[in-house]
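Notes follow once the structure below has been shown.
In what follows, chains carry the letters A, B, and so on, assigned in the order in which the sequence lines appear, proteins first and then strands, with residues in each chain numbered from 1.
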Protein chains: 2
Amino acid sequence: MTILDRWGEGVTATIYDVARHAGVSVATVSRVLNGLKVREDLVERVRETVLRLNYTPSRTAQRMRKSTSHLWALIVPDFENAFFTRVARGVEEICQPRDTCVFIGSSDDDPEKERRYLEVALAERVGGVVITPSSDTTDLTRIVSAGIPVVVVDRAVPNGAYDTILTDNMAGGRLGAEHLLGQNLRTVACVVGPENPTSQARLEGFLSAAKASPAIDIVRIERGNNRLDGGYRAMQRIIQSEARFDAVFVTNNLMAVGIIKALGDMLPERRNDIPVVGFDLDEIPLLSGACIASINQDPHEIGRIAGERILLQQAGTPPVCSIALRPTLVATAGLGYP
Amino acid sequence: MTILDRWGEGVTATIYDVARHAGVSVATVSRVLNGLKVREDLVERVRETVLRLNYTPSRTAQRMRKSTSHLWALIVPDFENAFFTRVARGVEEICQPRDTCVFIGSSDDDPEKERRYLEVALAERVGGVVITPSSDTTDLTRIVSAGIPVVVVDRAVPNGAYDTILTDNMAGGRLGAEHLLGQNLRTVACVVGPENPTSQARLEGFLSAAKASPAIDIVRIERGNNRLDGGYRAMQRIIQSEARFDAVFVTNNLMAVGIIKALGDMLPERRNDIPVVGFDLDEIPLLSGACIASINQDPHEIGRIAGERILLQQAGTPPVCSIALRPTLVATAGLGYP
DNA sequence: CTGAAAGCGCTAACAC
DNA sequence: GTGTTAGCGCTTTCAG
């Protein structure tokens, strides 16, 4: 009984089936598949048999022998955030031509969920891990000591000797403050993300540049969860505090959306007079508002570089690079109002 | 030389290392790991050793023996479209508790790219494939004959005997037409996605319900690529044709964004008077417009059900179910204008 | 240049 | 209960 008789039962041909049907040894089949030197007529016979049996080599088995994996892990805080899907695109750009796939895990900023994804990445012996750590406590040492390349993106790990690709977040914060100063807006409410280096750096950059003279008056600083609802609620709290403010600075894109929504709901008469300055708002389609400025990172580029660093580490380059991309501020009137 | 001496060189402990250090056989280690009956003190010793050696079983090796895979593939036309990231969330909800991961491929509606992802899924011998086929020519037979569960989502495959989860798109189209009729809007331009069953059904549903009396006058039908730029350009063509229309019907979410952008750019004075009816606009944060109606699917539910069907197929259920979810129309004034 | 055979790390019979 | 061992499907020496 050959593989052909078992057709349709959910079986896949193995390299032995191919060898048998082609009348050669498995070694020869393997060589043909891997492009090594084999006599022309045998190559032909093997190729033909591969096609006839619909043979696809098992990567699982391949991975056991060679120890290179065609599977990478991308672990991000929120893959519903367009910023991270664009990072994923950047990584994909590197993977695709190498027949490599990326599995994506969304940690939702939950250290436990993140830990489980890291565990899976380790168990799968992936070829590389690209991660935005949920917090300072994220443990990447096991991955590293297993010899798996790791690249940290978007958020630095304090004291970590990892390849790191991120944006100069301090500079981003400063850019935001300078923009507001330029517009002569000096009474500002801030909405900041969870306590991680990125949120922190953006806020710090903002605060440092806000110390101009005359300085920006920071009327309130609220924390949020980097998602739409967090921004909405933070804005609610600010409005309810009855603090007076004439602009809002926010450290993340989705929270900006929530903020604008809250402004529309709670202060409809002022909604067009309160400029919002946030990060990566260009990833939000059609975001509209009276006066919005976006401090833009380049997520696609971040992903692409991360992918390249994975490749370099696979080739033996030690992980010591830290790349900070410069953000750019784009002021926009949004879609515009009549 | 034990595993401990090789520490830090990028090696991982194997089950043999654990067995040796714990003074038991590999079978015992395996049993402990898989929760089979083992003497208490041995369990203890193995557990302790596993921790000490930082041992993580290789799923690659596991997959070679058992043939169950903890890795699924999700292949969608565009994972930057929030609709599909929500589908992914639904699938994840099923996977997560089973320690299973999903790798996501974006076919970008390119049959060749899709074919490559399917090839990878097959080579990886994934535990299941959830796919939105890029076109009628998508070949899923190889996956199926390898015994891999397949669930088709969002777009049916004509004549395909696959589990299929989608929305009743005809009904969605009808809903759109009825909404416009109810508003007494009877001069409508349509923007339709690429030629696939889903776009087609939505248009057909719309056209059939548009034949009321008095009927809706379809002034123009344009095709687009289901992405923002496609909607923008389709709207440009419509406007340039100088056709008169007082509402727009569009079969996809991102194109609706493009349309609204084009309206704002090209007909700023009318932009608030032209209602747009589209699908899944609730996935677009803050989408605003004079009068928008969204025909909503439930992507999370689609993904969840798809995940469950994968599980059922893994358990032996033949793939014969076809589930059509009912869409709901939500009319909204968007963010509202002052 | 080709084939036979030894593993990669694990599980599951099969013996003890 | 526990240990020994034969594979899972592949790559890669090592002989021929």
Side-chain angles (χ1 to χ4, degrees), chain A residues 3 6 10-46 49-50 53-71 99 122-127 146-148, chain B residues 3 6 10-46 49-50 53-71 99 122-127 146-148:
Chain A
I3 177 78
R6 286 176 292 144
V11 258
T12 348
T14 73
I15 200 170
Y16 281 93
D17 297 315
V18 177
R20 187 149 21 81
H21 280 263
V24 297
S25 75
V26 292
T28 301
V29 178
S30 175
R31 287 184 189 113
V32 172
L33 261 34
N34 293 294
L36 301 183
K37 198 98 198 103
V38 172
R39 223 172 58 214
E40 254 321 308
D41 57 322
L42 294 190
V43 173
E44 200 44 49
R45 245 154 68 199
V46 169
T49 313
V50 163
L53 300 187
N54 249 316
Y55 169 68
T56 307
S58 156
R59 287 201 180 180
T60 304
Q62 288 179 319
R63 198 143 57 220
M64 285 211 58
R65 289 298 324 233
K66 343 216 239 188
S67 0
T68 79
S69 171
H70 282 258
L71 190 63
D99 260 335
L122 182 55
E124 291 285 356
R125 308 289 194 266
V126 294
I148 298 176
Chain B
I3 177 78
R6 285 176 290 141
V11 258
T12 350
T14 72
I15 199 171
Y16 281 91
D17 297 315
V18 177
R20 186 151 19 84
H21 281 263
V24 297
S25 75
V26 291
T28 301
V29 178
S30 175
R31 287 187 188 109
V32 172
L33 262 33
N34 293 294
L36 302 183
K37 198 99 197 102
V38 171
R39 223 171 59 213
E40 254 319 309
D41 57 323
L42 294 191
V43 173
E44 200 44 50
R45 245 155 65 199
V46 169
T49 314
V50 163
L53 300 188
N54 249 316
Y55 169 68
T56 306
S58 157
R59 286 202 181 178
T60 304
Q62 288 178 322
R63 197 143 58 221
M64 286 211 57
R65 289 300 323 237
K66 347 216 236 191
S67 23
T68 78
S69 171
H70 282 259
L71 190 63
D99 260 335
L122 182 56
E124 290 286 354
R125 306 291 193 266
V126 294
I148 297 176

#### Entry: Chi angles and distances behind the salt bridge (Lys or Arg N to Asp or Glu O under 4.0 Å) call for B:E124, A:R63
CA-CA 10 Å; B:E124 290 286 354; A:R63 198 143 57 220; 3.1 Å; yes
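Of the possible donor and acceptor atoms, one in the side chain of B:R45 sits under 3.5 Å from a partner among the backbone N and O of B:A22. When atom types are taken as modelled, the side chain of A:N34 and the backbone of A:R31 share no donor-acceptor pair closer than 3.5 angstrom.
Contact check for B:I15 versus B:P57: no side-chain heavy atoms found under the 4.5 Å cut-off. For the pair A:Y55/A:V46, no side-chain contact is recorded, criterion being any heavy-atom separation below 4.5 Å from C-beta on. Between B:T12 and B:S58, every side-chain heavy-atom pair lies at or beyond the 4.5 Å cut-off. Taking the side chain as every heavy atom from C-beta outward, A:Q62 and B:T60 never approach each other to under 4.5 Å.
Each of A:V24, A:V18, A:V38 was scored for a side chain to side chain contact (heavy atoms under 4.5 Å, CB included) with A:V32, with one residue passing: A:V38.
When DNA chain C is scanned in the 5' to 3' direction for atoms under 4.0 Å from non-hydrogen atoms of chain B, the outermost contacting nucleotides are C:dG9 to C:dA13.
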### Query
For nucleotides 8-16 of chain D, read 5' to 3', which letter fits each nucleotide if B means a protein heavy atom sits under 4.0 Å from the base, S means only the sugar-phosphate is that close, and - means neither?
BBBBBB---
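Axis angle between the ends of the helix from C:dC1-D:dG16 to C:dC16-D:dG1, five pairs each and rounded to 10 degrees, works out to 50°.
Summarising the geometry of B:T56 relative to A:R125, their closest heavy-atom pair is O-NH2, 2.8 Å, with the distance given to 0.1 Å. When every heavy atom of B:G127 is checked against every heavy atom of B:I148, the shortest pair comes out as C-CG2, 4.4 Å.
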